[in-house]
Protein chains: 2
Amino acid sequence: MTLPPHAGRPGTGANGTGSIDGRAGRTGTAAPVTRAIPEATVARLAVYLRMLGELAEQGADTVSSEELATVSGVNSAKLRKDLSYIGSYGIRGVGYEVRSLHHQIERTLGLDEQQAVAVVGIGNLGHALAGYGGFGGRGFPVTALFDIDPDLVGIHINGILVEHVRDIPRVCGERGVTIGLVATPGPAAQSVCDQLVAAGVRCILNFAPVVLQVPPQVEVRKVDLAVELQVLAFHVARRREAEAAGVLEGSAAPVAALPTNGSGPTGGHEAVNGTAVS
Amino acid sequence: MTLPPHAGRPGTGANGTGSIDGRAGRTGTAAPVTRAIPEATVARLAVYLRMLGELAEQGADTVSSEELATVSGVNSAKLRKDLSYIGSYGIRGVGYEVRSLHHQIERTLGLDEQQAVAVVGIGNLGHALAGYGGFGGRGFPVTALFDIDPDLVGIHINGILVEHVRDIPRVCGERGVTIGLVATPGPAAQSVCDQLVAAGVRCILNFAPVVLQVPPQVEVRKVDLAVELQVLAFHVARRREAEAAGVLEGSAAPVAALPTNGSGPTGGHEAVNGTAVS
DNA sequence: TACTGTGAAGGCTTTCACAGCC
DNA sequence: GGCTGTGAAAGCCTTCACAGTA
């Protein structure tokens, strides 16, 4: 169990630590100096951004920290603190101007230019990722697909050709891919990752159940569905014990009371189907 | 933008706060009292568990904190601290007995009994989740599938019938579903969630881009792929700025040097394809 | 008046470093 | 000698509470 020499730091999806020297200074009208955005804040900014987009679609002009916080699932103090890292774009007594704040967050996250995405491993999940329309709409066009299965190489998904893994360096170079999604089985992941890195890809989202070793200039984040389920299972078990120790109850269908009407931000009508990644 | 009365706490995937009163006491030979496992530790225990499983398959009897930490992507101090929350199962001067530690973590996470899983929303992602074989192998058999699209209701995926969303309460009750995966479009998610909760489901993994409102006894975790990509994009942008300010370089394929051989724990041969969620 | 922006306080998590044990 | 288990220190992150402003 010793490791290869090019050991790097792993990405963990729910990363614990570290703040970020995020200078927003850029060509043209520079924003107030704004530095050191905490990692945790960056993740939430992405959420605020989406909610602001929805608010804008609904025609809202301004939003208070309380409102935006509620739909984003945080408390208003945290939201204000988060926004304070990118500058003072609010109006006291009023709130935030929706479109302007949207723009500022977009700029801070570096979303003013598109990032070409490659998906490697067109299995169940890879196929779903390749077919997901939402990435392109958010500035992440899926631009290349790879696998080694001869039955898959050559087919098109959403108009994109599946190519052989051996062509990763050439294709990614040609198309300027900057983000790679690794959706291969575990044993293949490191090899694929190395090829992506060799092709100049600097950011990798890893769905494979291994810790990828990368050089320091490459950023990895990990999404691990099995871990998510196990954390949930832990909470089920805890709850069950608490119940057993506390109010003894029947076992099946215990929760009962709760309004069964819809209550999402957009209303309550059913529309289950369609493309549903993310 | 006011909220429905049954507001609960949101789940955030990368949850920030809170430790957990995880008593391990149980019928039979009780383990040392072991309480208050931090949330962050629980998530990592799930990773250690998987790595221990792989080590066991490879025939390892013992493993040191350093080795297990490396393959899990953490440092050894953190690993030892994490393990100390569940008890003292290591042997000084030697390491941990692989099978015994595996068992202890399994017990702590409440994985000694199976949890039936329902997937709601059989779109791109839902289909991938439904077809993923890995859940069943880890004690999370996918037991029910739901959608409202008439073209989907009635078909089978991996031998499981897709049923109508309106039957969630009945079917989940009958089959003892304890975990629900919400993979619907945003607008449908809250309604579906309410039905799952009414059916007695206590844990929900939410892939929809909304914050679900649930009563306090229900646990929600959120997986948001768009957010993951945006966080990566932020790092790309940051890096690009640093580069522009520092060593001026060519733009395409800059990373270059790196061994292109495989180096995952299991070896380096290619085998890209097959079922590849998580 | 209503709401933002932010120092300060409090918690949680990670890291350090070393005592204790095999 | 080597490795685990763990107090203590340090670092992040969240929450509080209120000054400041449109």
Side-chain angles (χ1 to χ4, degrees), chain A residues 1 9-10 12 14-22 32-45 47-48 61-70 72-98 100-101 104, chain B residues 1 9-10 12-22 31-45 47-48 61-70 72-98 100-101 104:
Chain A
M1 263 309 124
R9 323 112 307 128
T12 321
N15 283 317
T17 311
S19 51
I20 293 163
D21 164 66
V33 194
T34 312
R35 58 187 74 222
I37 303 178
E39 182 78 34
T41 292
V42 172
R44 285 191 299 264
L45 284 175
V47 175
Y48 306 153
D61 285 331
T62 62
V63 65
S64 71
S65 63
E66 187 61 44
E67 288 166 335
L68 183 53
T70 304
S72 303
V74 301
N75 66 49
S76 63
K78 193 188 284 185
L79 179 129
R80 288 199 303 276
K81 190 65 143 183
D82 285 342
L83 292 184
S84 79
Y85 289 113
I86 70 173
S88 301
Y89 299 112
I91 308 156
R92 290 166 197 243
V94 179
Y96 301 87
E97 211 253 297
V98 172
S100 136
L101 183 57
Q104 292 302 338
Chain B
M1 262 312 125
R9 321 113 307 128
T12 321
N15 282 316
T17 310
S19 52
I20 293 162
D21 164 65
V33 194
T34 312
R35 56 188 75 225
I37 302 178
E39 183 77 33
T41 293
V42 172
R44 286 190 299 265
L45 285 175
V47 176
Y48 306 152
D61 284 331
T62 63
V63 64
S64 71
S65 64
E66 189 60 45
E67 289 167 333
L68 183 53
T70 304
S72 303
V74 301
N75 66 49
S76 62
K78 193 187 284 184
L79 178 128
R80 288 199 302 277
K81 190 66 145 183
D82 285 341
L83 293 184
S84 79
Y85 288 113
I86 69 172
S88 302
Y89 299 113
I91 306 157
R92 291 168 197 239
V94 178
Y96 301 88
E97 211 253 297
V98 172
S100 136
L101 183 57
Q104 292 303 336

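Excluded from the calculations below are hydrogen atoms, water molecules and symmetry mates; all remaining heavy atoms, backbone and side chain alike, are included. Chain letters run A, B, ... following the sequence lines, proteins first and then strands; every chain starts at 1.
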Closest heavy-atom pair and its distance - A:Ala36, A:Tyr85
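Heavy atoms of A:Ala36 and A:Tyr85 come nearest at O-CD2, 4.0 Å.
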
Kindly give the heavy-atom pair with the smallest separation between A:Gln104 and A:Tyr89, and that separation in Å.
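Shortest heavy-atom contact: OE1-OH, 3.3 Å.
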
Are any of A:Tyr96's side-chain N or O atoms less than 4.0 Å away from OP1 or OP2 of C:dG5?
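Indeed, a polar side-chain atom of A:Tyr96 lies that close.
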
Does a side-chain N or O from B:Asn75 land closer than 4.0 Å to OP1 or OP2 of C:dT14, or not?
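So the side-chain polar atoms of B:Asn75 never come under 4.0 Å of the phosphate oxygens OP1 or OP2 of C:dT14.
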
Nearest to the [X] side chain among [options], which nucleotide is it?
X       : options                : result
B:Ala40 : C:dT14, D:dC16, D:dT4  : C:dT14
B:Lys81 : D:dA17, D:dA22, C:dT15 : C:dT15
A:Ser84 : D:dG5, D:dT15, C:dG5   : C:dG5
A:Ser65 : C:dC22, D:dG5, C:dT4   : C:dT4

Base of D:dT4 paired with side chain of B:Arg92 (donor-acceptor, under 3.5 Å):
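Check passes, donor-acceptor contact within cut-off.
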
Hey, which sits more toward the 5' end of DNA chain D by its nearest nucleotide, A:Thr41 or B:Gly95?
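Its nearest nucleotide lies further toward 5', so the answer is B:Gly95.
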
Quick one: [X] [atom1] to [N] [atom2], roughly how many Å, whole number?
X        : N      : atom1 : atom2 : answer
B:Ile91  : D:dG1  : CD1   : C1'   : 16 Å
A:Lys78  : D:dC13 : NZ    : C1'   : 8 Å
B:Tyr85  : D:dT6  : OH    : C1'   : 10 Å
A:Leu79  : C:dT6  : CG    : P     : 14 Å
B:Glu97  : D:dT4  : CD    : C1'   : 15 Å
B:Leu68  : D:dC3  : CG    : C1'   : 14 Å
A:Leu101 : C:dC3  : CG    : P     : 16 Å
A:Glu39  : C:dT14 : CD    : P     : 13 Å

What's the spacing between [X] [atom1] and [Y] [atom2] if we round to 0.5 Å?
X       : Y        : atom1 : atom2 : answer
A:Asp61 : A:Ser100 : CG    : OG    : 11.5 Å
A:Tyr96 : A:Thr62  : OH    : OG1   : 12.0 Å
B:Ser65 : B:Asp82  : OG    : CG    : 11.5 Å

Identify, between A:Gly93 and B:Val94, the residue whose nearest nucleotide on DNA chain C lies closer to the 5' end.
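By nearest-heavy-atom nucleotide position, the 5'-most residue is A:Gly93.
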
